[in-house]
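In what follows, a single structure is set out as structure tokens and then discussed.
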Amino acid sequence: MDERLARILLLYADNNMNVQATANQLFFHRNSILYHLNTIYNRTGKNPRNFYDLCELVPMAKSVIKQAEQELQLFIKQRGDSCNGEQER
């Protein structure tokens with residue numbers, strides 16, 4: 001699961017598994033949300049439209065987002081270090 005799918009999944013869970021409410025918040029068509037939910041199902045074997053599977057997917061999605069945020073922070077730190085080194089020259 002990539003970060004985008006993880007964020008969609010968490011928003012879907014926050015909206016009590018309501019596809020239309022999720023679509024409205026993202027300014028997507030509801031079929032786009034269904035497509036993304038099916039993509040999650042195909043990649044993980046867990047159906048996000050099933051409550052018990054969703055309960056297993058939510059921690060996975062949070063882990064994906066946490067890892068992506070850590071990678072971003074590391075990138076920013078490395079980029080900042082290289083920029084600072086160039087300024088001192």
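All residue numbers in this chain count up from 1 along the given sequence.
With rounding to the nearest 0.5 Å, the separation of OH in Y12 from CG in L26 is 13.5 Å. Atom-to-atom distance recorded for M60:CE and L9:CG is 9.5 Å, nearest 0.5 angstrom. R4 contributes atom CZ, which lies 13.0 Å from atom CD1 of I65 (distance to the nearest 0.5 angstrom).
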Side chain to side chain contact (heavy atoms under 4.5 Å, CB included) evaluation trace for L74 with Q70
CA-CA 6 Å; L74 180 62; Q70 289 172 343; over 6 Å; no
K46 and Y52: side chain to side chain contact (heavy atoms under 4.5 Å, CB included), yes or no, with the steps?
CA-CA 9 Å; K46 302 285 183 192; Y52 297 106; over 6 Å; no
Test salt bridge (charged side-chain N to carboxylate O under 4.0 Å, His left out) on K62 and E3 and set out the steps.
CA-CA 9 Å; K62 288 180 178 181; E3 183 183 3; over 6 Å; no
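Put simply, the side chain of D53 gets close to the backbone of N47: a donor and an acceptor are under 3.5 Å apart. One N or O on the side chain of T44 and one on the backbone of I40 form a donor-acceptor pair closer than 3.5 Å. At distances below 3.5 Å, not a single donor-acceptor pair connects side-chain atoms of N16 with backbone N or O atoms of N18. Listed for the S63 side chain is no donor-acceptor partner under 3.5 Å among the backbone atoms of P59.
Under the 4.5 Å side-chain criterion, counting only non-hydrogen atoms from C-beta, M1 is in contact with L57. Counting heavy atoms from C-beta on, the side chains of F28 and T22 never come closer than 4.5 Å.
Nearest approach of P48 to L37, heavy atoms of both residues: CG-O, 3.5 Å. Taking both residues in full, the closest heavy atoms of D2 and L5 are given as OD1-N, 2.8 Å, listed atom of the first, atom of the second, then distance. Nearest heavy-atom pair, A6 versus A61, reported as atom, atom and distance to 0.1 Å: CB-O, 3.6 Å. Nearest heavy atom pair, residue M17 against residue R49, reads CE-O, 3.2 Å.
Hydrophobic cluster membership is shared by I33 and F51, with clusters built from Ile, Leu, Val, Met, Phe, Trp and Tyr side chains linked at under 4.5 angstrom.
Using modelled atom types, one finds no donor on one side chain facing an acceptor on the other under 3.5 Å when comparing Q73 with E69.
Within a 6.0 Å sphere centred on OH of Y41, heavy atoms belonging to other residues, nucleotides or ligands number 12 at most.
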